[in-house]
Amino acid sequence: MYQHKGQEFSLGGSAGAIALAPAGFGRGGPAVAIPTLSAPRVDFVPDLGARIGSREWWRGLATLTALCGSAYALAPSLDRPLVGATPAPWSGEPAEQARAQSITPLAYGADSGSRMAAGDLVRPLGEAPERPMLELTASLGSGDSLARVLERAGVGAAEADSVAQMVAGATPLAGIVDGTRLDIKLGRRPNKHVARPLDALAFRARFDLRLEIARVNGALQLTQVPIRVDNTPLRIQGVVGESLYRAARAAGAPASAVETYLRALAGKVSIGSITSGARFDLIVEQRRAETGEVETGQLLFAGLDQGRRKLQLLKWQADGRTEWFDAAGVGEKRSGLTRPVAGRQTSGFGMRLHPLLGYNRFHRGIDFGAGYGSPIFAVSDGAVTFAGRHGGHGNYVMLRHGGGIGTAYAHMSRIAVAPGQHVRQGQVIGYVGSTGLSTGPHLHFEVYRGATPINPKTVNFVSTSLLSGDALRAFRSKLAGLLSTPVR
């Protein structure tokens, strides 16, 4: 029902007829039916998923085929692409105007923007002016010197040498580590034919010292800025898991310290026997500056607690050798003999025909053929009991080792040690010669147990350093001080 200003229209009845009923004119009348045209509805796009095989379905399939064929027929060929309209390139004045209003990358000079001709007030310069001051950074390379770095930065050779001497008066130049950063400030120069003067220089000369050089009233002045440093060692403890190395690294120990720790333990215990659950203890040198930098050094203490066995090792120097000592003052075991000279054996131990005397005689050692003047080494640590001329042995040196073992070296051309001197394994004690009863340059080497000569090839003695007296007390005091270091 639709009503408007007294007119009433009604839509009803059967399809194809509209009934109109006028109202509001004071009287009623019969409704007038207006017939309408109707046509059968044809669906050309039915659902192809329903009523498959019906007439409507085939009609929809025909529509789809027609649409696809039309699209294929009207599509461009694949071997002949469509050519679009290409604008002609700009040239001449339009191109220059467009370039002036564009943004040009720095790599191309960034020469964009409109240009204006010079006015009457513009005067051409004879040369481009320089910056009044240059600030730059340089680094000290490996094998480099401070003076050469300053010269490469633009400082004159004479002034660079003067600055290097000023720095050497505050700290050794060799102590400045490679890679040190130099903050350099160069001032104005009178012309381009001379080097710029150094106005300021600042760098970290040492971990605990910063140097600053500045030009005051035309002269360079050096200022030392001390940096407070805390030298408290770093102590790291933890529990061994699947790997001692990985457990120590996970606890924060530096890689170099862990490697040293494992080598120290290897002299006292088998690394493979350390099982999970054991506790490790490391104390490493550490320096912390007030500026925030942290520097770690060498391993000082190596500890291992395996429950039944507790191992504490401290690095200590004794008799000119630095090694790891346990809490009882027992050092590392060193086994085996160093070859006394670089040469081949020419004579063995036992009875032989003497080459000069012409009869059989017991040979108390073995001979090594070597060139005249070749160095002779101590086969193990020991003390010199004799050094001098010794009859048919010529120049002769005797060493006393631990366990009642002694060694002797004969026919030297020159002796390099003195009686009472302590020598280390591998240290040069003399040089090959042909003094005494000798047919040519060689080394006669003897080994004694007590006063009895023995075959040197049968000896493979073990030496161990032991601390006693004042050395042992100082060692234990140092160990107690390190063990008081708090754990990280």
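Note that the structure is a prediction, hence the values are computed from the model and not measured. Throughout, residue positions are numbered sequentially from 1 according to the sequence presented.
Between Glu130 and Arg189 a salt bridge is recorded (basic side-chain N to carboxylate O distance below 4.0 Å). Ion pairing between a basic and an acidic side chain is recognised when a charged N comes within 4.0 Å of a carboxylate O; Asp326 and Lys310 show no such pairing. Contact check on Glu285 versus Arg287 returns no salt bridge, with no Lys/Arg side-chain nitrogen under 4.0 Å from an Asp/Glu carboxylate oxygen. Salt-bridge formation is not detected for the pair Glu295/Arg288: no Lys NZ or Arg NE/NH1/NH2 atom is positioned less than 4.0 Å from an Asp or Glu carboxylate oxygen.
Glu212 contributes no side-chain N or O that, together with a main-chain N or O of Ala202, makes up a donor-acceptor pair within less than 3.5 Å. With hydrogens and angles disregarded, a donor-acceptor distance shorter than 3.5 Å links the side chain of Thr260 to the backbone of Ser256. Under the 3.5 Å distance criterion, the side-chain polar atoms of Ser413 are matched with a main-chain donor or acceptor of Tyr431. Of the possible polar contacts, none joining the Thr385 side chain to the Arg400 backbone as a donor-acceptor pair under 3.5 Å is found. Put simply, the side chain of Arg196 gets close to the backbone of Gly187: a donor and an acceptor are under 3.5 Å apart. Side-chain atoms of His442 come within 3.5 Å of backbone atoms of Gly440 as a donor-acceptor pair (strictly under, hydrogens ignored). Arg235 contributes a side-chain N or O that, together with a main-chain N or O of Leu483, makes up a donor-acceptor pair within less than 3.5 Å. Asp381 contributes a side-chain N or O that, together with a main-chain N or O of Gln425, makes up a donor-acceptor pair within less than 3.5 Å. In this structure, Ser438 contributes its side chain and Thr435 its backbone to no donor-acceptor pair below 3.5 Å. Checked by atom type and distance alone, the side chain of Asp281 never pairs as donor or acceptor with a backbone atom of Gly303 at under 3.5 Å.
Between Phe207 and Ile227 there is no side-chain heavy-atom pair separated by less than 4.5 Å. Annotation: side chain of Leu201 is not in contact with side chain of Leu220 (no heavy-atom distance under 4.5 Å). Under the 4.5 Å side-chain criterion, counting only non-hydrogen atoms from C-beta, Asp470 is not in contact with Leu472.
With Tyr261 as the aromatic partner, Arg263 does not meet the cation-pi criteria of under 6.0 angstrom to the ring centre and within 45 degrees of the ring axis.
Atom NE2 of residue His444 and atom OH of residue Tyr409 lie 12.0 Å apart, to the nearest 0.5 angstrom. The CG atom of Leu399 sits 10.0 Å away from atom NE2 of His422, with the distance rounded to the nearest 0.5 Å. Summarising the geometry, atom CG belonging to Asn455 is positioned 7.0 Å from atom CD1 belonging to Ile366; distances are rounded to the nearest 0.5 Å. Distance CD/Gln165 to CG/Leu222: 13.0 Å, rounded to 0.5 Å.
Residue Arg51 places its CZ atom among 12 or fewer non-hydrogen atoms of other residues, nucleotides or ligands, all under 6.0 Å distant. In this structure, Arg364 places its CZ atom where only 12 or fewer heavy-atom neighbours from other residues, nucleotides or ligands lie under 6.0 Å away. Few gaps surround CZ on Arg389; more than 12 heavy atoms of other groups in view lie less than 6.0 Å from it. Counting non-hydrogen atoms of neighbouring residues, nucleotides and ligands closer than 6.0 angstrom, the NZ atom of Lys185 reaches no more than 12 such neighbours.
No side-chain N or O of Gln312 forms a donor-acceptor pair with one of Lys268 less than 3.5 Å apart.
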Could you walk me through whether Glu159 and Arg215 satisfy the salt bridge (charged side-chain N to carboxylate O under 4.0 Å, His left out) test, starting with their C-alpha distance in whole Å, then the side-chain angles of each, then the deciding distance to 0.1 Å, before giving a yes or no? CA-CA 12 Å; Glu159 192 168 49; Arg215 188 175 296 277; 2.4 Å; yes
Pair Arg152-Asp144, salt bridge (charged side-chain N to carboxylate O under 4.0 Å, His left out): steps then yes or no: CA-CA 11 Å; Arg152 289 197 300 269; Asp144 211 344; 2.3 Å; yes
Go through it in stages, so that I can follow the logic: the residues are Ile176 and Val167, the test is side-chain contact (heavy atoms from CB on, under 4.5 Å), and I'd like the CA-CA distance, side-chain angles, deciding distance and then a yes or no. CA-CA 10 Å; Ile176 304 176; Val167 173; 4.2 Å; yes
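Evaluation of the side chain to side chain donor-acceptor pair (under 3.5 Å) rule for Glu290 yields Arg228 as partners, not counting sequence neighbours. Phe368 pairs by the ring-ring contact (aromatic ring centres under 6.0 Å, His included) definition with nothing, not counting sequence neighbours.
For the side chain to side chain contact (heavy atoms under 4.5 Å, CB included) test with Arg204, the passing option among Val225, Leu209, Thr291, Leu182 is Thr291; the others fail.
His390 and Phe386 have perpendicular rings, their planes meeting at more than 60° on a 0 to 90° scale where under 30° would count as parallel. Between Phe475 and Trp316, the ring planes lie perpendicular to each other; the angle is over 60°, past the 30° to 60° tilted range.
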